[in-house]
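These notes concern the structure reproduced below.
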Amino acid sequence: MESSVLDMTEPADFVEEIRLNLHNDINGGEIIILVEGDDDIRSYRKFFDSENVGLQPVNNCYKLVVTMSLICADDMLKDCVIAIKDADFDHLMSVSYPDCPNMFLTDTHDVETLMMTGSCCLNICTETMLPEKYDLGEDVARAITNFSYLKYYNVKEIVSKGCSGLIFNGIRIGNLYDGVNSVTVDTAWDKVNNHGGNSSKGVMPTKKEFSGFIAANYAADLMNLTNGHDMIDGIVKRIHTLNPAMRKYGSHDIEQIVRSSYNFSDFQKTKLYFSITSWADARGLDLWRKQ
């Protein structure tokens with residue numbers, strides 16, 4: 001993974017900011033939970049006791065890992081700062097972070113896939129007048145699987161080996177997926193290959209190599225394979241295709257339905273909840289909002 005001097009100095013500066021915030025008169029005794037972005041704060045904040053817990057975005061997955069490696073080695077901070085990291089493809093690749101025992105991974109790819117329960121899916125269908133499907137999220141994830149595998153290939157075969165990865169920013173799921181039919185290998189490969197100079201980067205797999213990767217890296221767990229924002233965008237495309245009268249619903253609207261549908265009882269069923277609770281119990285802390 002590429003890095004720069006700035007990448008390496010920013011986490012250290014960020015750690016010092018956290019130290020100052022934790023030890024001033026206003027925030028003394030508070031537990032800080034670092035997350036990747038504002039969407040994570042919107043998703044998790046309703047579960048935590050706001051008087052004792054503060055959520056703070058880092059806005060960069062790599063920076064989060066480096067920051068937590070510094071915090072976990074710091075005697076003053078290791079018992080008052082934890083982090084929630086999107087697993088991304090870590091579970092599929094059996095990636096762990098032994099230097100970051102205070103950093104806890106989502107059970108699934110990210111917070112959006114974590115929250116996509118049957119009741120969330122039913123609420124989306126009800127609000128947008130779609131036929132009821134408790135597995136709406138998985139159904140859409142299955143339809144865009146070949147695009148998700150290209151993202152998986154990018155991380156496992158390119159970025160993790162120190163090369164500059166393929167560019168996916170700007171690719172819209174709605175330009176790949178028609179809301180009904182599954183995205184083919186050819187469609188996914190062509191769209192990524194022709195995007196952002198990927199064809200000239202020297203790391204784009206051939207279609208044969210890509211098909212071989214899929215066969216060798218079959219992922220039965222779609223919620224660990226699929227990026228949550230892609231899944232949400234795919235759901236929006238399905239809504240617009242099956243019920244054009246509901247085109248007023250965009251990704252932000254669906255994300256709001258998911259967040260409002262997901263409750264503390266759902267969260268308590270996750271490994272993420274158990275890991276955070278175990279960490280807190282070992283220190284005599286109660287981080288959760290009284291329900």
Side-chain angles (χ1 to χ4, degrees), residues 1-11 36-37 58-67 69 85-97 99-100 105-106 108-110 112-113 140-178 181-234 237:
M1 184 176 294
E2 294 181 336
S3 62
S4 65
V5 173
L6 182 61
D7 289 328
M8 298 307 295
T9 56
E10 278 191 340
E36 293 187 32
V58 176
N59 297 317
N60 182 290
C61 174
Y62 174 69
K63 182 179 174 182
L64 178 63
V65 175
V66 176
T67 298
S69 68
K85 177 189 175 298
D86 288 346
D88 298 324
F89 298 108
D90 288 348
H91 294 314
L92 297 182
M93 296 171 60
S94 298
V95 173
S96 61
Y97 300 89
D99 294 336
C100 303
L105 305 185
T106 52
T108 58
H109 195 283
D110 46 38
E112 288 81 16
T113 51
V140 170
R142 189 175 296 108
I144 63 171
T145 292
N146 288 318
F147 181 67
S148 300
Y149 271 116
L150 259 174
K151 288 191 169 182
Y152 186 16
Y153 181 96
N154 182 57
V155 171
K156 187 172 184 179
E157 300 296 331
I158 302 175
V159 176
S160 68
K161 296 180 179 179
C163 299
S164 178
L166 299 170
I167 297 171
F168 290 89
N169 288 343
I171 297 179
R172 296 175 59 87
I173 292 298
N175 292 333
L176 288 164
Y177 175 50
D178 64 6
N181 300 295
S182 295
V183 176
T184 66
V185 168
D186 285 348
T187 297
W189 188 92
D190 289 343
K191 178 61 70 173
V192 175
N193 183 61
N194 295 323
H195 178 74
N198 285 330
S199 61
S200 62
K201 290 174 72 70
V203 293
M204 183 73 190
T206 64
K207 287 183 182 180
K208 182 177 180 180
E209 289 171 337
F210 179 45
S211 296
F213 175 83
I214 294 174
N217 294 272
Y218 172 72
D221 187 351
L222 293 173
M223 289 303 176
N224 264 300
L225 176 66
T226 310
N227 177 287
H229 289 296
D230 291 342
M231 178 186 63
I232 296 291
D233 289 346
K237 182 65 176 183

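Using modelled atom types, one side-chain atom of H91 and one backbone atom of T106 make a donor-acceptor pair closer than 3.5 Å.
Across all their heavy atoms, C100 and V65 have their closest contact at SG-O, 3.6 Å. Counting all heavy atoms, side chain and backbone alike, G228 lies closest to D110 at N-OD2, 2.7 Å. In terms of heavy atoms, S69 sits closest to V66 at OG-O, 2.6 Å. Residues K201 and G165 share a closest heavy-atom pair of CE-O, 2.9 Å.
Separating the CD atom in E36 from the CG atom in L64 is a distance of 5.5 Å, to the nearest 0.5 Å. Atom CG of L166 and atom CG of N198 lie 4.5 Å apart (nearest 0.5 Å). Here the straight-line distance linking atom CG of D233 with atom CD of E112 works out to 10.0 Å at 0.5 Å rounding. In this structure, OG1 in T226 is found 11.5 Å from CD1 in I232, a value given to the nearest 0.5 Å. For the atom pair L176 CG and N146 CG, the distance stands at 10.5 Å (nearest 0.5 Å). With rounding to the nearest 0.5 angstrom, the NZ atom of K207 is 4.0 Å from the CG atom of D186.
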Decide side-chain contact (heavy atoms from CB on, under 4.5 Å) for D90 and K85; before the verdict, give the C-alpha distance in whole Å, the side-chain angles of both, and the deciding distance to 0.1 Å. CA-CA 10 Å; D90 288 348; K85 177 189 175 298; 2.9 Å; yes

List the steps and the verdict of side-chain contact (heavy atoms from CB on, under 4.5 Å) for V203 and S164. CA-CA 8 Å; V203 293; S164 178; over 6 Å; no

Evaluate V155 against D88 for side-chain contact (heavy atoms from CB on, under 4.5 Å), listing each step before the verdict. CA-CA 10 Å; V155 171; D88 298 324; over 6 Å; no

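The pair K237-D178 fails the salt-bridge criterion, with no side-chain N (NZ, NE, NH1 or NH2) lying under 4.0 Å from an Asp/Glu carboxylate O.
Residues passing the side-chain contact (heavy atoms from CB on, under 4.5 Å) test with T108, sequence neighbours excluded: T113, L114, M223. Legend: residues meeting ring pair (Phe, Tyr, Trp, His ring centres under 6.0 Å) with F213, ordered by chain and number and at least two apart, are Y152, Y153.
A 4.5 Å side-chain heavy-atom check between F89 and L225 finds at least one atom pair inside the cut-off. M204 places a side-chain heavy atom less than 4.5 Å from the side chain of N193. Residues I144 and I173 form a side-chain contact, since some pair of their non-hydrogen atoms from C-beta on lies under 4.5 Å apart. Side-chain atoms of L105 and Y97, non-hydrogen and from C-beta on, do get closer than 4.5 Å to each other. Under the 4.5 Å side-chain criterion, counting only non-hydrogen atoms from C-beta, H109 is in contact with N227. For the pair T206/W189, no side-chain contact is recorded, criterion being any heavy-atom separation below 4.5 Å from C-beta on.
Residues T145 and S148 bring no donor and acceptor atom of their side chains to less than 3.5 Å of each other. For the residue pair N217 and K156, a side-chain donor N or O sits within less than 3.5 Å of a side-chain acceptor on the partner.
Note that K151 lies in the cation-pi zone of F168, set by a 6.0 Å cut-off to the ring centre and a 45° limit from the axis.
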